[in-house]
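Here is the structure we will look at, set down as structure tokens.
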Number of protein chains: 2
Amino acid sequence: MNEMLEQKNPRSKYRLKRQSLPEALADSLRERILNGEFKEGEPLVQEAIATEYECSRMPVREAFRQLEAAGLIVSKIHKGAVVTTLPSEQIMELFELRAMLECDILTYSLSRMTDHHLALSEQILELLEDAYHKRDIARVGALNWEFHRSLYVAADRIQTLALIQGINVQTDRYIRLQLLLTSAFEEAEQEHRQILKLCRNRDPSVVEFMRGHIIRAGHNLLDALSTRKVSGTAA
Amino acid sequence: MNEMLEQKNPRSKYRLKRQSLPEALADSLRERILNGEFKEGEPLVQEAIATEYECSRMPVREAFRQLEAAGLIVSKIHKGAVVTTLPSEQIMELFELRAMLECDILTYSLSRMTDHHLALSEQILELLEDAYHKRDIARVGALNWEFHRSLYVAADRIQTLALIQGINVQTDRYIRLQLLLTSAFEEAEQEHRQILKLCRNRDPSVVEFMRGHIIRAGHNLLDALSTRKVSGTAA
DNA sequence: CTTATGTAGATTGGATCCAATCGCAAGATG
DNA sequence: CATCTTGCGATTGGATCCAATCTACATAAG
């Protein structure tokens, strides 16, 4: 039980401590992987994590199972867990999947959005812009997903949303990396405003705009990654 | 170590016992859930499973984590795990997701398929037809997915395939249920032949045909499910 | 008779202990 | 000198034990 473990679900006011230790651990470790604190290919040692969080290895092991299912780590028998490393084609594939799935769900959502939904999206967008200007990378990553998600809840497509969320967790890691490397998020910021505006008008063209938004993000990321890679090998 | 636990990966000949107990358990339990042996809403008790497989509760717990990540069970803290139960809208949503994702990957795959790929698909299809005529439900379920999968491997879209596999695991349960309830698989069998034929000709129309194939399967299932429900409540 | 409370049994969550396996280095052997 | 073997430390896998929590039933109060 460590002070690093904050309980989640801040939205439901009177719901505290309804998380088991493995879940809380998984949340914390996921955050640290997405932050880049645990780098690609880095091995995660059960004992080290356990002592760090002042608990036994058992909850750590269960947390590892969850992270493995989310695709953030891979663990081989008797050899431990390492942070996943994706080749660039697969990273792009993830963005293409997001584009396909998010466009689909947005189509459902668009006709069902209420003013309440839009107001909430706007609120999140303002928080996102604020976080970006303060260069709070972790918060930008989280709020970026929250904004996208807020546009989709009206669709009431639970399975689709769950799938998209899973992919977003994976791309989040690279989005944060991109924030450190480039200034490409400037244009993404403007695109977010445009997306919200189109949604307000229930303009169906927002779907294709969203597709471009996501695919562009993927391409920008790959560019940033490839330039980093050559500079990395040079150094 | 119980005789119920068979090691998987039969395709790679000299690869035995490279599975940890939790994984083997997860495989076995997943199979039993898909078979309908554990019904929807039924609680899974750690101790009972553990004694059944003659092991301690710990590997069971880790297996539960995997099954939960796959969406087959949900577990609440200090209240244990129960088999998931999906409302019909979400079941249909799963089929629609399959339709979208499988059509997408098939488009990639179609232009890259070699004769070798097609021969393999044909082999699997024959096994599938054989299993169906022998009314080996579990085998039909597994081979149905194997056939679909065999059409997609050429696409070399790892993330997409993983996503589709996850959804197929969930729909598999209902497909097997449908096999018990209806004879709708007869037409599916013919459609499989047609799909393979269109793939041989590299006919792009196979993509839309596949979409219809999957969506039809979903509708047939929902029909079967709704009639079962009314007869169930009547009895 | 209904509702609140409390206690016992069952079940899950977490910690500690022991066994199995892996990696690596030192030494033997050709 | 290269290669194989062997043994030890480190790490993971699994079992058992104890603590925390839930469910159900019984009992008492209104």
Side-chain angles (χ1 to χ4, degrees), chain A residues 1-9 14-29 33 38-39 41-69 72-84, chain B residues 1-9 14-29 33 38-39 41-69 72-84:
Chain A
M1 337 276 179
N2 188 294
E3 60 283 357
M4 296 175 70
L5 266 48
E6 309 150 22
Q7 296 297 331
K8 292 288 171 144
N9 274 16
Y14 297 108
R15 184 188 185 85
L16 61 163
K17 172 61 185 162
R18 284 289 64 176
Q19 237 185 158
S20 69
L21 224 175
E23 288 172 50
L25 263 172
D27 285 342
S28 178
L29 291 175
I33 292 174
F38 298 122
K39 297 180 180 56
E42 184 172 336
L44 294 184
V45 183
Q46 293 178 8
E47 184 66 39
I49 308 282
T51 57
E52 191 174 8
Y53 286 92
E54 296 173 19
C55 66
S56 82
R57 274 172 35 225
M58 167 128 33
V60 178
R61 277 158 66 175
E62 293 193 33
F64 277 14
R65 292 269 166 205
Q66 284 187 241
L67 296 177
E68 182 168 25
L72 290 176
I73 67 177
V74 290
S75 64
K76 287 184 181 173
I77 185 168
H78 279 291
K79 287 184 64 175
V82 297
V83 179
T84 326
Chain B
M1 323 285 190
N2 188 293
E3 61 282 359
M4 298 176 69
L5 265 48
E6 309 149 23
Q7 296 298 330
K8 293 285 171 145
N9 274 15
Y14 297 108
R15 185 187 184 86
L16 62 163
K17 175 60 185 160
R18 283 291 61 179
Q19 241 185 155
S20 69
L21 225 175
E23 287 172 49
L25 264 172
D27 285 342
S28 177
L29 291 174
I33 292 175
F38 297 123
K39 296 180 181 56
E42 183 172 336
L44 295 184
V45 182
Q46 294 178 7
E47 185 64 40
I49 307 282
T51 56
E52 191 175 7
Y53 286 93
E54 296 173 18
C55 65
S56 81
R57 275 172 36 225
M58 169 133 22
V60 177
R61 277 159 66 174
E62 292 193 33
F64 278 13
R65 290 270 168 206
Q66 283 187 243
L67 296 178
E68 183 168 23
L72 290 175
I73 67 177
V74 289
S75 65
K76 287 183 181 172
I77 184 168
H78 280 289
K79 287 186 62 177
V82 297
V83 179
T84 327

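Letters go in sequence order (proteins before strands), and every chain restarts at 1.
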> Taking only residues two or more places apart in sequence, or in another chain, which ones meet A:Glu23 in a salt bridge (Lys or Arg N to Asp or Glu O under 4.0 Å)?
Replying inline: none
> Roughly how many Å is it from CE in A:Met58 to P in C:dC18, rounded to a whole number?
Replying inline: 15 Å
> Could you give the CD1-to-C1' distance, from A:Ile49 to D:dT11, as a whole number of Å?
Replying inline: 14 Å
Tabulate atom names and distances for all N/O pairs under 3.5 angstrom spanning the protein and nucleotides 9-13 of chain C.
residue : atom : partner : partner atom : Å
C:dT12  : OP1  : B:Gln46 : N            : 3.4
C:dG13  : OP2  : B:Gln46 : NE2          : 3.1
C:dG13  : N7   : B:Arg57 : NH2          : 3.0

> Does the pair B:Ile49 and B:Phe38 meet the rule for a side chain to side chain contact (heavy atoms under 4.5 Å, CB included), with working shown?
Replying inline: CA-CA 12 Å; B:Ile49 307 282; B:Phe38 297 123; 4.1 Å; yes
> Partners of B:Glu68 by side-chain hydrogen bond (donor to acceptor under 3.5 Å, both in side chains), sequence neighbours excluded?
Replying inline: B:Ser75
>> Using every non-hydrogen atom in the two residues, find where B:Pro22 and B:Ala63 come nearest and quote the distance to one decimal.
In response: O-CB, 3.5 Å
>> Could you report the tightest heavy-atom contact between A:Leu25 and A:Cys55, atom names first, then the distance?
In response: CD1-SG, 4.2 Å
